[in-house]
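Read the numbers this way: they start at 1 and go in the same order the structure lists the ligands and their atoms.
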Amino acid sequence: MFACTGYAATAADARLAPFSLDRRDPGPRDVRIDITHCGVCHSDIHTARSEWPGTLYPCVPGHEIVGRVAEVGAEVTKYKVGDQVGVGCMVDSCRECESCRAGLEQYCEPGARFTYNSPDIGGLSHTFGGYAQAVVVDQDFVLRIPEGLDLAAAAPLLCAGITTWSPLRHWGIGPGKRVGVVGLGGLGHMGVKLAVAMGAEVTLFTTSANKAEDGRRLGAHRVVISRDADAMKAEAGRFDFILDCVSAQHDINAYFALLRLDGALVQVGLPEKPIEVQMFSLVGKRRTFAGSLIGGIAETQEMLDFCGEHGITADIEMIAMDEINEAYERMIASDVKYRFVIDMATMPKAA
Ligand code: NAP
Ligand code: ZN
Ligand code: ZN
């Protein structure tokens, strides 16, 4: 085992603070990555603050990891020292179940091993994420970041990118489809960029009137301020597909009304509390209400390669490690343009 410095929450109401953590020594199939940057996902906040059940403390969040390969095990064939790589929300899965064999490791039947807050191996209690100097990961769960993409701005592709890419692909989004994206945060802004690049007509729904101009700059063809009830009514029955990326309580029934016959609303946002669904707003037009969890490993590489070809990355605000607590407050206030990314060079040298 070797020690490195990270940032951890030690309780639901504690501010994140420097923390010394152990990583396993790389095994034959492992890659040790020196982390250069880590994106800040709203799931990090939900977990660190126990807004979802089951947080294990100390909690080191972070699953939008990028960096360079520093060491490889004897049997590693996919990567070599110096390669530009990433790690997303998963670091392993059973590899045998029907989901794993279908490349859908995120739906692994016994449960995927997530990058943080999952049981760990090698004598370590639970997994620690990317708010740290280094990480050790099996080569099969390491992604290649296309050369030419800015490493820091590519970090959010590892969660926000794949989480929006996967449902857009699964529901066959492309030219001729009318897509709505709800919430312009980390996920939402990637959803807009990717759906536009896939050729769809994209409408952004935002509660923040001051984001309308940015929404258009990011590629949205239309922007609707969702607090404007008349503007929402005017959109009724228009959409094939709506991707809801909202992190907090909101009226989802207002969006069902915007779907056409057989339209689908896919929820990727994971608010803390249950949301009420008015059944009449679904049955009337045979609408589908579904959820989607990140994406598989092969699919994540496909998304990264697509972003490499199209020059797509996130719009980021770079922060120092010790600015993380303020960044969380700004995200909760819907004030991030449009993903915070931690510059790991700012990590204190020893905790
Ligand atoms: P984020 O950057 O904080 O963005 C969330 C956005 O939701 C805000 O920018 C805001 O957009 C909107 N919003 C916030 N509070 C709202 C409210 N009370 N009413 C209406 N709209 C509100 O968060 P994120 O990192 O994109 O994550 C979004 C959600 O997805 C989180 O719950 C996260 O845990 C979840 N997530 C799920 C998966 C998955 O696999 N399914 C993966 C990653 C993240 P406007 O200002 O434009 O309204
Ligand atoms: Zn995430
Ligand atoms: Zn499995």
Is the distance between the ring centroids of [X] and [Y] less than 6.0 Å?
X	Y	result
Phe256	Phe289	yes
Tyr131	Tyr116	no
Tyr7	Phe128	no

Specify side chain, backbone, both or neither for [X], according to which of its non-hydrogen atoms lie closer than 4.0 Å to ligand 1.
X	answer
Trp52	side chain
Ile294	both
Cys245	backbone
Ser292	backbone

Purely on distance, is any nitrogen or oxygen of [X] under 3.5 Å from one on ligand 1?
X	answer
Leu270	yes
Leu184	yes
Leu187	yes

### Message
Can you tell whether the side chains of Arg49 and Glu329 come within less than 4.0 Å, N to carboxylate O?
### Response
yes

#### Entry: Presence of salt bridge, Arg260 and Asp240, under 4.0 angstrom
yes

### Message
Under the criterion side chain to side chain contact (heavy atoms under 4.5 Å, CB included), I'd like the reasoning laid out for Leu265 against Arg287: C-alpha separation, chi angles, the key distance, then a yes or no.
### Response
CA-CA 8 Å; Leu265 186 150; Arg287 292 161 172 143; over 6 Å; no

By number and element, which atoms of ligand 1 are closer than 4.0 Å to a non-hydrogen atom of [X]?
X	value
Lys211	9 (O), 11 (O), 45 (P), 46 (O), 47 (O)
Gly183	11 (O), 47 (O)
Thr206	45 (P), 46 (O), 47 (O), 48 (O)
Val246	7 (O), 13 (N), 16 (C), 20 (C), 21 (N), 22 (C)
Leu293	40 (O)

### Query
What distance separates Arg169 CZ from Leu194 CG, expressed to the nearest 0.5 Å?
10.5 Å

### Message
Would you compute the distance between atom CD1 of Ile173 and atom CE of Met198 and round it to the nearest 0.5 angstrom?
### Response
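Between atom CD1 of Ile173 and atom CE of Met198 there are 8.5 Å.
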
Return the closest protein heavy atom for [atom] as residue, atom name and distance.
atom	answer
atom 44 (C) of ligand 1	Ser43 OG, 3.3 Å
atom 14 (C) of ligand 1	Ser334 OG, 3.3 Å
atom 4 (O) of ligand 1	Gly185 CA, 3.3 Å
atom 31 (C) of ligand 1	His46 NE2, 3.5 Å
atom 1 (P) of ligand 1	His42 ND1, 3.7 Å

#### Entry: Atoms named by residue and atom, protein N, O or S, within reach of the Zn ion (ligand 3) (under 2.8 Å)
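For the Zn ion (ligand 3), the protein N, O and S atoms that sit under 2.8 Å away are Cys94 SG, Cys97 SG, Cys100 SG, Cys108 SG.
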
### Task
Specify whether His310 and Phe306 have parallel, tilted or perpendicular ring planes, treating 30° as the upper limit for parallel and 60° as the lower limit for perpendicular.
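Rings of His310 and Phe306: parallel, under 30°.
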
So, [X] versus [Y]: side-chain donor-acceptor pair below 3.5 Å or not?
X	Y	value
Tyr57	Ser50	yes
Gln84	Arg68	yes
Asp44	Tyr328	no
Asp244	His250	yes

### the Zn ion (ligand 2) to nearest N/O/S of Cys159 less than 2.8 Å
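Looking at Cys159, which is the residue asked about, there is an N, O or S atom under 2.8 Å from the Zn ion (ligand 2).
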
#### Entry: Contact check: Cys41 to the Zn ion (ligand 2), N/O/S below 2.8 Å
yes

### Task
Cation-pi check, Arg32 to Phe2: give yes when NZ or CZ is under 6.0 Å from the six-membered ring centre and within 45° of the ring axis, no otherwise.
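Yes, Arg32 and Phe2 form such a contact.
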
### Query
Of the choices Thr207, Asn210, Val268, which has the non-hydrogen atom that lies closest to atom 20 (C) of ligand 1?
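Residue with the shortest heavy-atom distance to the ligand atom: Thr207.
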
### Task
Just go through Gly186, Ala212, Ser247 and tell me whose heavy atom is the nearest to atom 5 (C) of ligand 1.
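Going through Gly186, Ala212, Ser247 one by one, Ser247 has the nearest heavy atom to atom 5 (C) of ligand 1.
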
### Task
Examine Val91 and Leu21 and state if one hydrophobic cluster contains both, with Ile, Leu, Val, Met, Phe, Trp and Tyr joined whenever side-chain heavy atoms are less than 4.5 Å apart.
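Shared cluster, yes.
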
### Shared hydrophobic cluster, Leu158 / Tyr79 (ILVMFWY, side-chain heavy atoms < 4.5 Å)
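Yes; Tyr79 is reachable from Leu158 via cluster members.
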
